[in-house]
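The structure appears below as C-alpha coordinates.
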Amino acid sequence: MKIKYVISDDCIILENLNPDDFNIKDTFECGQCFRWEKTDRQDGYSGIAHGKKLIVQQNEDYITLHCNEKDFLHIWQYYFDLDTDYDEIKERLRKDDIMNKAICSAPGIRILNQELFETAVSFITSSNSNIKRITRNIKDLCTLLGQPIGDGYYAFPTVEALSNADICTINQCRAGFRCDYIHSSANMIKNMSDSFNKERYIEMGYEETKKELMRLKGVGNKVADCIILFAGISSSAFPTDVWVKRIMQNLYIKKEVTLDYVSKYGRDKFGDLAGYAQQYLFHYARNNAVHK
DNA sequence: CTCCAGGATAAAC
DNA sequence: GTTTATCATGGA
(Lines give C-alpha, C1' and ligand atoms only; values in the text may rest on other atoms or scores of the structure.)
Protein backbone atom coordinates (compact mmCIF):
# COMPACT_ATOMS: atom_id res chain seq x y z
CA MET A 1 0.00 0.00 0.00
CA LYS A 2 1.32 3.38 -1.01
CA ILE A 3 1.08 5.90 1.83
CA LYS A 4 -0.52 9.19 0.85
CA TYR A 5 0.20 12.43 2.61
CA VAL A 6 -1.35 15.88 2.48
CA ILE A 7 0.11 19.15 3.66
CA SER A 8 -1.96 20.97 6.23
CA ASP A 9 -1.31 24.14 8.23
CA ASP A 10 1.76 23.28 10.24
CA CYS A 11 1.75 19.58 9.73
CA ILE A 12 1.73 16.60 7.43
CA ILE A 13 -1.21 14.19 7.47
CA LEU A 14 -0.68 10.56 6.53
CA GLU A 15 -4.07 9.64 5.12
CA ASN A 16 -6.04 6.41 5.02
CA LEU A 17 -3.66 4.87 7.46
CA ASN A 18 -5.10 2.84 10.31
CA PRO A 19 -3.18 1.36 13.25
CA ASP A 20 -2.86 -1.98 11.46
CA ASP A 21 -0.72 -0.22 8.85
CA PHE A 22 1.25 1.98 11.21
CA ASN A 23 0.85 1.83 14.97
CA ILE A 24 2.98 4.52 16.58
CA LYS A 25 2.78 3.05 20.07
CA ASP A 26 4.00 -0.38 18.98
CA THR A 27 6.61 1.19 16.72
CA PHE A 28 8.01 3.52 19.39
CA GLU A 29 7.80 1.09 22.29
CA CYS A 30 9.01 -2.15 20.74
CA GLY A 31 12.60 -1.58 21.81
CA GLN A 32 14.10 -0.46 18.53
CA CYS A 33 14.39 3.23 19.55
CA PHE A 34 14.81 5.11 22.79
CA ARG A 35 14.07 8.75 22.05
CA TRP A 36 10.26 8.83 21.90
CA GLU A 37 7.98 9.49 24.81
CA LYS A 38 4.25 9.97 25.29
CA THR A 39 3.02 13.54 25.27
CA ASP A 40 0.41 14.89 27.65
CA ARG A 41 -2.19 14.74 24.92
CA GLN A 42 -3.74 11.40 24.12
CA ASP A 43 -2.20 9.19 21.48
CA GLY A 44 0.73 11.53 20.99
CA TYR A 45 4.47 11.02 21.09
CA SER A 46 7.34 13.45 20.91
CA GLY A 47 10.80 12.47 19.79
CA ILE A 48 14.08 13.70 18.37
CA ALA A 49 16.05 12.62 15.31
CA HIS A 50 18.56 14.44 13.13
CA GLY A 51 18.55 17.24 15.71
CA LYS A 52 14.85 17.92 15.12
CA LYS A 53 11.98 17.49 17.50
CA LEU A 54 8.76 16.00 16.17
CA ILE A 55 5.31 15.46 17.63
CA VAL A 56 3.28 12.58 16.21
CA GLN A 57 -0.37 11.86 16.83
CA GLN A 58 -2.46 8.89 15.83
CA ASN A 59 -6.17 8.85 15.06
CA GLU A 60 -8.41 6.11 13.73
CA ASP A 61 -7.50 6.43 10.11
CA TYR A 62 -4.74 9.00 9.90
CA ILE A 63 -1.49 10.10 11.54
CA THR A 64 -0.37 13.68 12.06
CA LEU A 65 3.30 14.68 11.88
CA HIS A 66 3.89 18.18 13.24
CA CYS A 67 6.56 19.31 10.84
CA ASN A 68 6.93 21.21 7.59
CA GLU A 69 7.06 19.59 4.18
CA LYS A 70 10.80 20.07 3.80
CA ASP A 71 11.60 18.16 6.99
CA PHE A 72 9.05 15.52 6.06
CA LEU A 73 10.68 14.90 2.70
CA HIS A 74 14.27 15.12 3.94
CA ILE A 75 13.98 13.39 7.30
CA TRP A 76 10.75 11.77 8.41
CA GLN A 77 9.62 10.03 5.26
CA TYR A 78 12.75 7.93 5.32
CA TYR A 79 12.91 7.74 9.12
CA PHE A 80 9.45 6.16 9.29
CA ASP A 81 10.22 3.85 6.37
CA LEU A 82 7.17 5.15 4.51
CA ASP A 83 8.31 3.95 1.08
CA THR A 84 8.47 0.34 2.18
CA ASP A 85 5.45 -1.81 1.42
CA TYR A 86 4.62 -3.53 4.71
CA ASP A 87 1.56 -5.26 3.25
CA GLU A 88 3.84 -7.16 0.93
CA ILE A 89 6.30 -7.98 3.72
CA LYS A 90 3.56 -9.27 6.02
CA GLU A 91 1.99 -11.23 3.19
CA ARG A 92 5.27 -12.99 2.48
CA LEU A 93 5.87 -13.72 6.18
CA ARG A 94 2.38 -15.04 6.92
CA LYS A 95 3.18 -18.30 5.20
CA ASP A 96 3.33 -20.21 8.46
CA ASP A 97 0.89 -20.13 11.35
CA ILE A 98 3.43 -19.00 13.92
CA MET A 99 4.44 -15.88 12.02
CA ASN A 100 0.79 -15.18 11.29
CA LYS A 101 0.02 -15.03 15.01
CA ALA A 102 3.12 -12.95 15.72
CA ILE A 103 2.16 -10.42 13.06
CA CYS A 104 -1.40 -10.27 14.37
CA SER A 105 -0.10 -9.30 17.80
CA ALA A 106 1.38 -6.08 16.38
CA PRO A 107 0.67 -5.62 12.67
CA GLY A 108 1.42 -1.89 12.81
CA ILE A 109 5.09 -2.11 13.77
CA ARG A 110 7.44 -0.37 11.36
CA ILE A 111 11.20 -0.61 11.49
CA LEU A 112 12.66 2.87 11.72
CA ASN A 113 15.64 4.04 9.69
CA GLN A 114 17.61 5.62 12.50
CA GLU A 115 20.89 7.51 12.47
CA LEU A 116 23.92 5.25 12.48
CA PHE A 117 25.94 6.74 15.33
CA GLU A 118 22.93 7.12 17.60
CA THR A 119 21.87 3.54 16.91
CA ALA A 120 25.37 2.25 17.63
CA VAL A 121 25.65 4.08 20.97
CA SER A 122 22.09 3.16 21.95
CA PHE A 123 22.60 -0.55 21.48
CA ILE A 124 26.03 -0.50 23.09
CA THR A 125 24.12 0.90 26.05
CA SER A 126 21.53 -1.87 25.81
CA SER A 127 23.82 -4.72 26.71
CA ASN A 128 22.60 -6.68 29.73
CA SER A 129 20.07 -3.95 30.48
CA ASN A 130 16.38 -3.33 29.89
CA ILE A 131 14.39 -0.95 27.71
CA LYS A 132 13.25 1.33 30.51
CA ARG A 133 16.78 1.83 31.80
CA ILE A 134 18.33 2.22 28.33
CA THR A 135 15.82 4.96 27.59
CA ARG A 136 16.77 6.79 30.76
CA ASN A 137 20.53 6.39 30.10
CA ILE A 138 20.21 7.75 26.55
CA LYS A 139 18.09 10.68 27.68
CA ASP A 140 20.67 11.58 30.33
CA LEU A 141 23.47 11.25 27.80
CA CYS A 142 21.70 13.67 25.46
CA THR A 143 21.05 16.16 28.26
CA LEU A 144 24.69 15.96 29.34
CA LEU A 145 26.39 16.22 25.96
CA GLY A 146 23.81 16.95 23.27
CA GLN A 147 23.02 20.27 21.63
CA PRO A 148 19.98 21.95 23.21
CA ILE A 149 17.25 22.44 20.62
CA GLY A 150 14.69 24.28 22.74
CA ASP A 151 11.89 23.43 25.19
CA GLY A 152 14.26 21.25 27.19
CA TYR A 153 14.94 18.94 24.27
CA TYR A 154 18.43 17.87 23.23
CA ALA A 155 19.92 16.47 20.06
CA PHE A 156 21.84 13.23 20.27
CA PRO A 157 25.51 13.96 21.03
CA THR A 158 27.87 14.11 18.08
CA VAL A 159 30.85 11.79 17.64
CA GLU A 160 33.10 14.68 18.66
CA ALA A 161 31.08 15.50 21.77
CA LEU A 162 31.27 11.93 23.03
CA SER A 163 34.90 11.31 22.10
CA ASN A 164 36.06 14.61 23.61
CA ALA A 165 33.96 14.18 26.74
CA ASP A 166 35.52 13.33 30.06
CA ILE A 167 34.66 9.79 31.10
CA CYS A 168 33.35 11.19 34.39
CA THR A 169 30.77 13.18 32.43
CA ILE A 170 29.67 10.15 30.45
CA ASN A 171 29.41 8.18 33.69
CA GLN A 172 26.70 10.57 34.82
CA CYS A 173 24.26 8.91 32.39
CA ARG A 174 24.41 5.94 34.81
CA ALA A 175 25.00 3.31 32.14
CA GLY A 176 27.64 1.76 34.36
CA PHE A 177 30.36 -0.33 32.74
CA ARG A 178 28.91 0.49 29.31
CA CYS A 179 30.14 4.09 29.63
CA ASP A 180 33.69 2.95 28.86
CA TYR A 181 32.41 1.17 25.74
CA ILE A 182 30.61 4.34 24.62
CA HIS A 183 33.69 6.47 25.10
CA SER A 184 36.14 4.13 23.34
CA SER A 185 33.75 3.42 20.48
CA ALA A 186 33.18 7.14 19.94
CA ASN A 187 36.94 7.56 19.74
CA MET A 188 37.31 4.67 17.29
CA ILE A 189 34.53 6.10 15.14
CA LYS A 190 36.14 9.52 15.17
CA ASN A 191 39.34 7.92 13.90
CA MET A 192 37.42 6.06 11.19
CA SER A 193 36.41 9.47 9.86
CA ASP A 194 34.24 9.00 6.76
CA SER A 195 34.32 5.23 6.64
CA PHE A 196 31.77 5.00 9.48
CA ASN A 197 29.05 5.70 6.98
CA LYS A 198 25.62 4.19 6.41
CA GLU A 199 25.70 4.35 2.61
CA ARG A 200 29.08 2.63 2.61
CA TYR A 201 27.77 -0.14 4.88
CA ILE A 202 24.67 -0.62 2.73
CA GLU A 203 27.01 -1.01 -0.22
CA MET A 204 29.25 -3.43 1.70
CA GLY A 205 26.40 -5.72 2.73
CA TYR A 206 25.58 -7.64 5.88
CA GLU A 207 28.62 -9.85 6.45
CA GLU A 208 31.36 -7.27 5.89
CA THR A 209 29.50 -4.56 7.77
CA LYS A 210 29.00 -6.82 10.75
CA LYS A 211 32.68 -7.72 10.86
CA GLU A 212 33.62 -4.07 10.87
CA LEU A 213 31.04 -3.00 13.46
CA MET A 214 32.17 -5.77 15.81
CA ARG A 215 35.59 -4.15 16.08
CA LEU A 216 33.92 -1.41 18.14
CA LYS A 217 34.07 -1.74 21.93
CA GLY A 218 30.84 -3.14 23.34
CA VAL A 219 29.61 -4.37 19.97
CA GLY A 220 29.25 -8.15 19.81
CA ASN A 221 27.08 -10.39 17.68
CA LYS A 222 23.70 -9.21 18.90
CA VAL A 223 24.44 -5.48 19.16
CA ALA A 224 25.94 -5.50 15.67
CA ASP A 225 22.74 -7.05 14.31
CA CYS A 226 20.66 -4.40 16.07
CA ILE A 227 22.74 -1.61 14.56
CA ILE A 228 22.49 -3.11 11.08
CA LEU A 229 18.73 -3.57 11.34
CA PHE A 230 17.65 -0.42 13.18
CA ALA A 231 19.92 1.97 11.32
CA GLY A 232 18.44 0.64 8.09
CA ILE A 233 21.58 -0.97 6.72
CA SER A 234 20.09 -4.39 6.07
CA SER A 235 16.81 -6.13 6.91
CA SER A 236 18.48 -9.54 6.77
CA ALA A 237 19.88 -9.16 10.30
CA PHE A 238 18.17 -11.29 12.94
CA PRO A 239 19.12 -9.87 16.35
CA THR A 240 18.90 -12.75 18.77
CA ASP A 241 18.47 -11.91 22.43
CA VAL A 242 17.01 -14.02 25.22
CA TRP A 243 13.43 -13.29 24.16
CA VAL A 244 13.93 -14.23 20.51
CA LYS A 245 15.88 -17.30 21.58
CA ARG A 246 13.04 -18.43 23.84
CA ILE A 247 10.27 -18.00 21.30
CA MET A 248 12.29 -19.53 18.45
CA GLN A 249 13.16 -22.54 20.61
CA ASN A 250 9.59 -22.98 21.78
CA LEU A 251 7.77 -22.48 18.50
CA TYR A 252 10.17 -23.42 15.70
CA ILE A 253 13.27 -25.31 16.79
CA LYS A 254 11.66 -27.36 19.59
CA LYS A 255 14.88 -27.90 21.52
CA GLU A 256 17.50 -26.04 23.55
CA VAL A 257 20.16 -24.51 21.30
CA THR A 258 22.77 -21.73 21.39
CA LEU A 259 22.24 -18.05 20.55
CA ASP A 260 24.45 -18.44 17.48
CA TYR A 261 22.31 -21.32 16.28
CA VAL A 262 19.09 -19.28 16.58
CA SER A 263 20.69 -16.30 14.86
CA LYS A 264 21.71 -18.36 11.82
CA TYR A 265 18.41 -20.26 11.85
CA GLY A 266 16.44 -17.01 11.66
CA ARG A 267 18.54 -15.62 8.84
CA ASP A 268 18.24 -18.83 6.85
CA LYS A 269 14.52 -19.16 7.41
CA PHE A 270 13.41 -15.57 6.75
CA GLY A 271 16.11 -14.33 4.38
CA ASP A 272 15.89 -10.66 3.50
CA LEU A 273 12.83 -10.35 5.77
CA ALA A 274 14.61 -11.71 8.86
CA GLY A 275 14.71 -8.31 10.57
CA TYR A 276 10.97 -7.74 10.17
CA ALA A 277 10.21 -11.27 11.34
CA GLN A 278 12.41 -10.72 14.37
CA GLN A 279 10.50 -7.62 15.42
CA TYR A 280 7.10 -9.30 15.19
CA LEU A 281 8.44 -12.30 17.13
CA PHE A 282 10.13 -10.11 19.75
CA HIS A 283 6.91 -8.21 20.38
CA TYR A 284 4.91 -11.45 20.44
CA ALA A 285 7.27 -13.09 22.92
CA ARG A 286 7.33 -10.14 25.29
CA ASN A 287 3.55 -9.76 25.32
CA ASN A 288 2.66 -13.41 25.67
CA ALA A 289 4.88 -14.43 28.58
CA VAL A 290 6.89 -16.99 26.70
CA HIS A 291 8.39 -19.25 29.33
CA LYS A 292 12.12 -19.89 29.55
C1' DC B 1 18.40 -10.40 50.90
C1' DT B 2 18.93 -12.43 45.97
C1' DC B 3 18.01 -12.53 41.13
C1' DC B 4 17.72 -10.62 36.62
C1' DA B 5 17.82 -7.31 32.70
C1' DG B 6 17.28 -6.61 24.19
C1' DG B 7 25.48 -8.92 26.17
C1' DA B 8 30.34 -8.20 25.66
C1' DT B 9 34.88 -8.96 27.24
C1' DA B 10 39.02 -11.00 28.89
C1' DA B 11 40.80 -14.81 30.90
C1' DA B 12 40.97 -19.66 31.51
C1' DC B 13 40.15 -24.24 29.71
C1' DG C 1 37.76 -22.71 19.45
C1' DT C 2 34.56 -22.99 23.56
C1' DT C 3 33.10 -22.03 28.48
C1' DT C 4 33.11 -18.76 32.53
C1' DA C 5 33.42 -14.83 35.86
C1' DT C 6 32.83 -10.15 35.80
C1' DC C 7 31.18 -5.81 34.60
C1' DA C 8 27.36 -1.04 37.07
C1' DT C 9 22.86 -0.03 38.08
C1' DG C 10 18.12 -0.37 39.37
C1' DG C 11 13.81 -2.77 39.69
C1' DA C 12 11.25 -6.89 41.23
Side-chain angles (χ1 to χ4, degrees), chain A residues 25-36 102 105-106 109-112 114 118-141 143-144 166-189 210-233 235 237-250 256-267 274-292:
Chain A
K25 176 181 168 61
D26 288 343
T27 298
F28 291 146
E29 295 184 6
C30 70
Q32 63 173 324
C33 56
F34 306 98
R35 294 276 276 154
W36 294 89
S105 80
I109 288 183
R110 302 182 78 85
I111 297 188
L112 304 173
Q114 299 178 73
E118 173 175 340
T119 309
V121 173
S122 298
F123 282 94
I124 286 172
T125 307
S126 79
S127 111
N128 194 222
S129 188
N130 57 72
I131 294 174
K132 190 186 257 182
R133 202 159 86 88
I134 301 162
T135 305
R136 197 169 51 229
N137 294 148
I138 294 300
K139 181 173 186 177
D140 288 350
L141 196 63
T143 306
L144 286 164
D166 194 287
I167 185 65
C168 295
T169 306
I170 296 181
N171 280 334
Q172 289 175 34
C173 79
R174 295 175 293 177
F177 63 90
R178 307 163 193 86
C179 292
D180 287 328
Y181 297 159
I182 294 171
H183 193 236
S184 355
S185 281
N187 270 295
M188 292 172 72
I189 290 168
K210 188 165 178 179
K211 245 183 258 177
E212 190 165 307
L213 289 176
M214 285 179 70
R215 299 201 316 234
L216 297 172
K217 267 288 167 58
V219 179
N221 190 51
K222 189 263 176 183
V223 170
D225 278 337
C226 285
I227 299 170
I228 290 172
L229 180 60
F230 300 130
I233 293 169
S235 60
F238 193 75
T240 306
D241 64 357
V242 290
W243 291 99
V244 174
K245 180 174 183 287
R246 278 173 210 162
I247 193 165
M248 289 298 287
Q249 283 178 172
N250 289 345
E256 178 87 16
V257 292
T258 65
L259 281 166
D260 279 349
Y261 183 94
V262 178
S263 182
K264 281 187 173 41
Y265 185 98
R267 275 175 53 73
Y276 300 100
Q278 188 270 4
Q279 273 303 279
Y280 296 125
L281 289 167
F282 178 69
H283 185 280
Y284 187 55
R286 280 167 52 87
N287 291 278
N288 290 278
V290 176
H291 63 81
K292 294 187 182 178

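The model shown is predicted, which means the values in this text are computed figures rather than measured ones.
Separating the CD1 atom of Ile227(A) from the C1' atom of dG7(B) is a distance of 12 Å, rounded to the nearest angstrom. If you take NE2 of His183(A) and C1' of dA8(C), they are 18 Å apart, rounded to a whole angstrom. Per the geometry, CZ belonging to Arg136(A) stands 17 Å off P belonging to dA8(C), to the nearest Å. One interatomic measurement links the two molecules: CE of Met214(A) to P of dA10(B), which rounds to 12 Å at whole-angstrom precision. The CZ-P distance, from Phe177(A) to dA5(B), rounds to 13 Å in whole Å. Rounded to an integer number of Å, the gap from Asp260(A) CG to dG7(B) C1' is 12 Å. Here dG7(B) presents its C1' atom at 11 Å from CD1 of Ile134(A), a figure rounded to the nearest Å. Residue Tyr284(A) contributes atom OH, which lies 20 Å from atom C1' of dG6(B) at whole-angstrom precision.
Evaluation of Phe282(A) against the base of dG6(B) yields a stacking contact (centre distance < 5.5 Å, interplanar angle < 30°).
For Ser129(A) against Arg178(A), the heavy-atom pair with the smallest separation is CB-NH2, 3.9 Å. Considering all non-hydrogen atoms of both residues, Gln114(A) and Cys33(A) come closest at OE1-CB, 3.4 Å. Across all non-hydrogen atoms, the minimal contact from Gly266(A) to Ala274(A) is O-CB, 3.9 Å.
Two residues, Leu216(A) and Gly31(A), neighbour DNA chain B, and the one matched to the more 5' nucleotide by heavy-atom proximity is Gly31(A). Along DNA chain C, the nucleotide nearest Asn171(A) and the nucleotide nearest Lys132(A) are compared for position; the residue whose nucleotide lies closer to the 5' end is Asn171(A).
Judged by distance alone, with hydrogens and angles left aside, Gln32(A) brings no side-chain donor or acceptor close enough to the base of dG6(B) to form a pair under 3.5 Å.
Side-chain N/O atoms of Arg174(A) include one lying less than 4.0 angstrom from OP1 or OP2 on dG10(C). Within the 4.0 Å cut-off from OP1 or OP2 of dC4(B), not a single side-chain nitrogen or oxygen of Arg133(A) is found.
When each of Tyr276(A), Phe282(A), Phe123(A) is tested with Phe230(A) by the rule ring pair (Phe, Tyr, Trp, His ring centres under 6.0 Å), just one qualifies, namely Phe123(A).
Using a cut-off of 4.0 Å between Lys/Arg side-chain N and Asp/Glu carboxylate O, Lys132(A) and Glu29(A) are scored as not salt-bridged.
Separation of atoms CZ (Phe238(A)) and CG (Asp225(A)) is listed at 9.5 Å; rounding is to 0.5 Å.
Taking only side-chain atoms of Ser127(A), from C-beta outward, the nucleotide of dA8(B), dG11(C), dC7(C) with the closest atom is dA8(B). Checked against dG7(B), dG10(C), dG6(B), the side chain of Asn128(A) finds its nearest nucleotide in dG7(B). Of the candidate nucleotides dA8(C), dG6(B), dA8(B), dG6(B) has the atom nearest to the side chain of Ile131(A).
If you check every strand for non-hydrogen atoms under 4.0 Å, Leu229(A) touches nothing. Using a 4.0 Å heavy-atom distance criterion, Cys30(A) is classed as a base contact.
Between dT6(C) and dT2(B), the two P atoms lie 15 Å apart (nearest whole Å). Straight-line distance between the C1' atoms of dT9(B) and dG10(C): roughly 22 Å, to the nearest whole Å. Nucleotides dG11(C) and dA8(B) have their C1' atoms positioned 22 Å apart, rounded to a whole Å. dC3(B) and dA5(C) have their P atoms separated by 14 Å, given to the nearest Å.
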